[in-house]
Amino acid sequence: MTDQEGQLPVRVTLNGQPASFLAAPRTSLSDALRDKLRLTGLKQGCEIGVCGSCTILVDDKPIRACLMLAVQADGKRIETIEGLATNGELHPLQASFQRHHGLQCGFCTSGMVLTALALLRDNPAPSRDEAREAISGNLCRCTGYETIIDAIVDPDAMRATQVGHG
Amino acid sequence: MSGRAAYIADLAFPDVLHVSILRSPFAHARITAIDVSAARAHGGVVQVWTGADVLPRCGGVMARMELPGFVPTVQPILAHDIVRFVGEAVAVVVATSQAAAEDALELIDVDYDELPVVADIASAVAAEVIANEAVPANLVYRGHRCQDDVDNDFARAACVAQGRFSNNRVSATPMEPRGCIASHEWTSGQLTVWSATQMPSFLKTMLAIHLAFPEQRIEVITPQVGGGFGQKAHVHPEEILVCLLAIELGRPIRWIEDRRENLLSATHAKHQINEMAIAVDADGRFLAMRNRSSTDGGAYNSLPWTHLVESHVGASTLTGPYRIANFNDESLSLVTNKCPIGAYRGVGWSAGHIARETLIDRAGRELGLSPFEIRRRNLVDQSDYPFTTPTGLVIREGTFVQTLDRLEQMVDYRSFRERQTAALAKGKLLGLGLCVFNEVSGVGTRALSFLHTPVTTHDTATVRVEPTGKITVTTPLVAAGQGHLTTFAQVAADAFGVPLDDVTVLAGTTRNAHGFGTVASRGAVFGAGTIGRAAEAVKVKIRQLAAHLLQTGAERITLSEGRVHVTGSPEQGMPLADLAGAAYFADATHPPEFDPALEATAAFDPADVVLANGGHAAIVEIDLETCLVRVDQMFAVEDCGKMINPMIVEGQIRGGIAQAIGMTLLEELVHDGEGQLVTTTLMDYLLPTSVDVPDVQIAHLETPSDLVPGGVKGMGESAMISAPAAIIGAVNDALALVGASVESFPASPQRIFDALQRASKVDAVPAL
């Protein structure tokens, strides 16, 4: 079957706005978001759910977009990295990653930021160990993780996530 | 971070065609027939090529080193007649979608006749089977750095420590797999290539040669690169293939590999066996070292590094920063039926350092010396400078003893031994290991010559002061996360005395300056060197014009805080913007014969080997139930000369240490006896996660280099040179409590279990 055949409509709330697209049943959500909606902030590092680079939030939960079929997202609320910065200003958690040098090549970063955002919404003041545990399913080859944890437990990032920006 | 940076897979082209590559399922086999007819007929398929289609267009990737006795190889772009490793490219499908290309790939029917396989170093040496008929006796190169007579030293030694250390085959595994897109515009004859490469200028030249295409009409563009670590510092056959298809089909061709392809066919690394011995006298002083290092190099040489990037390069600094008078070594680079070996952070140094430091610890234990004391008695010290090592490396600077002292304070050695004893009583094995190193950094022509991998390299940069006094820099160096653009902007800002925001650095296209690549801890050194020299040439003009306007001598002009002024009198001068404006637009202000071009291009190549240095220490705990090794604490001391940006330096240290933990404890590309790779996903090939890597305690020493403008030394490789040795040292320190040791890596639970089974003093641990 080629992409042109048997496509199904998918309606989602995407970064707060209604969106819809057509997807073949076998198309992964990560492929659909990248190819059909051009939301290329999520990255594909393994496509079997191990590396975490394609992590997005679906109904507030961090999920691996490569392991979810696009048609399964119908009716769901999706948040991607593109929805975080507003009016040309980085989200405080993104700013914290930048301030702490919590990224080098940047490939894992969108997945890391969204995983961290889900943690902070659940747990407003995580310990270093809790932050370390929360990102343990997201691989980073550059940083050694320490500065990512610094960025997550930064008071500004933790506070801002609770008051409106979240 | 904002999701806006464009990596290779994020680039969109309206009429792009997608590529999928069929790879060999056998390590060594003759291709007797390929039937691509069903694939050609599949919907959406535009082209299918096999080796026979490619061979007339390009003979393959030629890789050689200009050394007598070196056997070069040619890796076909697509295999023809014979496949020589699992994962070698056999056929390519080009289609209108990735899905169609991958579907059609399954319709290609290949008949193989399996051939005997050279699956390891032992069978390569035996040479009863030949892995690649271009390489007689499976030997690409046999190297000797030193052939000192060491027999007397070993005969009179109070202690001889020796071992056979099998280092694991690993993959650099950047989070972003490789990828390349090429577009050929037949009307202009322009070939544009987007590649996630660390060496765009070199790739451009190699494409010109391999495609027989005019180099001036090739542009290589480097988008954001998702990590390289050396793996993206090669010319890959796929890059040539994509260009050939773009020229043939007249449409943009896109190849983005998946993780399985990356683990199968992107260069592997670190696979060597070191048979090493050191002779030590009764006072703990090193007398001599002997080593035979064999590289399991895979079926072909990689371009440009070749098999020599492992054992051969490793031998160059094997005696390290120690006074070892006599050294006798041999390095063998052997062909096997595996993916080619290539560059990965720390290159051939990692494995040799593990072997050497393990033996030093063993000698220390035998002689009753602490790991710090035995090293202190042997480290080259300031009073020895200039010190020439047996391999001819001249050490003129370095803070080895200070590094050792600092590490000893950081780990609090005495209290560690107390903790270790207390833990043992509770059935826990703690261990401490360390390594002190020097790094051949900022690798240029002299360093490559010293490493006996003779390649001439230099880079250039262009610096322009714009009419409004802003600074534009162009560099050939590309960043894959090392933060080079910030570093380079800082160099230019400092040179002109302007704020960082006044500088823009243009990178990422070969239309800019020329260079070798962002490899081998070169970025900071060559960036500082080239930009510093080009800035200096522009400043000569600025000083000349300012001196004329201020009626003083050019030598009395200073640039600082955005102004050009008389030294010591900031008020006697003008904003840089005013001076630049005068140069561009006010001819009447110019001195006679003034050349108003406020722009210069300058080359840089260090006049000698640039040596950084430092050390690492690790404290680990071995769980006797699970045989898992947990790294509790890591310590790093780094002296990379003048630090342009400490945060970036520390990021390199932490990232390198994480990779060292992976290489020594987790990561292993496992081949079976038939040369079949069995670790082809990230579920089998284990990268360290956040719970495997502790926070790192870092201390800096800062000894500026005399060889590089600004006193910079490179440091990107450092943690992968020395931290692996520290970690394995710690594992063996813990195992020594029960009379056990490991010499095969990674130190996985199975290997720890086996070591404990063999242990001579198991009853030392109550829990056992």
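The structure presented is a predicted model; accordingly, all values stated were derived computationally and were not measured. Letters A, B, ... mirror the listed sequences (proteins, then strands); counts begin at 1.
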Test side-chain contact (heavy atoms from CB on, under 4.5 Å) on B:R4 and A:I81 and set out the steps.
-> CA-CA 9 Å; B:R4 299 183 67 83; A:I81 195 72; over 6 Å; no

Derivation of the side-chain contact (heavy atoms from CB on, under 4.5 Å) call for B:S2 and A:L90 = CA-CA 7 Å; B:S2 58; A:L90 292 177; 4.2 Å; yes

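Looking only at heavy-atom pairs under 4.5 Å with chain B, the residue among A:V50, A:D35, A:V113 that has the most is A:V50. Of the listed residues (A:E82, A:K43, A:M112), the one with the most heavy-atom contacts under 4.5 Å to chain B is A:K43. Of the listed residues B:R259, B:R654, B:E650, the one with more heavy-atom pairs under 4.5 angstrom with chain A than any other is B:R654. Ranked by heavy-atom pairs under 4.5 Å with chain A, the first of B:G662, B:A658, B:A5, B:G651 is B:G651.
Residues A:C142 and B:F229 are in side-chain contact: their nearest non-hydrogen atoms beyond the backbone lie under 4.5 Å apart. The shortest distance between side-chain heavy atoms of B:D695 and A:R128 falls below 4.5 Å. At least one side-chain heavy atom of B:M175 sits under 4.5 Å from a side-chain heavy atom of A:C51.
For chain A, the nearby parts of B:T173 are the backbone and the side chain; heavy atoms of each come within less than 4.5 Å. Only the backbone of A:Q44 comes within contact range of chain B, with heavy atoms under 4.5 Å apart. For chain B, the nearby part of A:I48 is the side chain; its heavy atoms alone come within less than 4.5 Å. Looking at A:E47, the atoms closer than 4.5 Å to chain B (heavy atoms on both sides) all sit in the side chain, from C-beta outward. When heavy atoms are compared at a cutoff of 4.5 Å, A:T109 approaches chain B solely by way of its side chain, counted from C-beta outward. With a threshold of 4.5 angstrom between heavy atoms, A:I135 approaches chain B through its backbone and through its side chain. In this structure, the portions of B:A12 lying under 4.5 Å from any heavy atom of chain A include both its backbone and its side chain.
The existence of a salt bridge linking B:D10 and A:R38 is excluded, since no basic side-chain nitrogen approaches an acidic carboxylate oxygen closer than 4.0 Å. With respect to the salt-bridge test (charged N to carboxylate O, under 4.0 angstrom), the residues A:R26 and B:D103 qualify.
More than 12 heavy atoms of other residues, nucleotides or ligands shown are found within 6.0 angstrom of CG on B:D15. Applying the 6.0 Å contact sphere to CZ of B:R260 captures no more than 12 heavy atoms from other residues, nucleotides or ligands.
Annotation: the span from A:C105 atom SG to B:Q224 atom CD amounts to 8.0 Å, rounded to 0.5 Å.
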Would you give me the side-chain donor-acceptor pairs under 3.5 Å for residues 682-694 of chain B, sequence neighbours excluded?
| unit_1 | atom_1 | unit_2 | atom_2 | d |
| --- | --- | --- | --- | --- |
| B:D684 | OD2 | B:T681 | N | 3.4 |
| B:D684 | OD2 | B:T681 | OG1 | 2.7 |
| B:Y685 | OH | B:S171 | N | 2.8 |
| B:Y685 | OH | B:S171 | O | 3.2 |
| B:Y685 | OH | B:E667 | OE1 | 2.6 |
| B:T689 | OG1 | B:V691 | N | 3.3 |
| B:T689 | OG1 | B:D692 | OD2 | 3.1 |
| B:S690 | OG | A:R132 | O | 2.7 |
| B:S690 | OG | A:S136 | N | 3.3 |
| B:D692 | OD2 | B:T689 | N | 2.8 |

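Under the 3.5 Å distance criterion, the side-chain polar atoms of A:R34 are matched with a main-chain donor or acceptor of B:A9.
Residues of residues 144-153 of chain A that come within less than 4.5 angstrom of chain B, heavy atom to heavy atom, are A:G144, A:Y145, A:E146, A:T147 in numerical order.
Across all their heavy atoms, A:R141 and B:Y344 have their closest contact at NH2-OH, 3.3 Å. Minimum interatomic distance between A:H101 and B:M647 (heavy atoms only, all atoms of both residues): CD2-O, 3.3 Å. Residues A:F107 and B:Y7 approach most closely at N-OH, 3.4 Å, considering heavy atoms. Among all heavy-atom pairs drawn from B:P177 and A:G45, the shortest one is CG-O, 4.3 Å.
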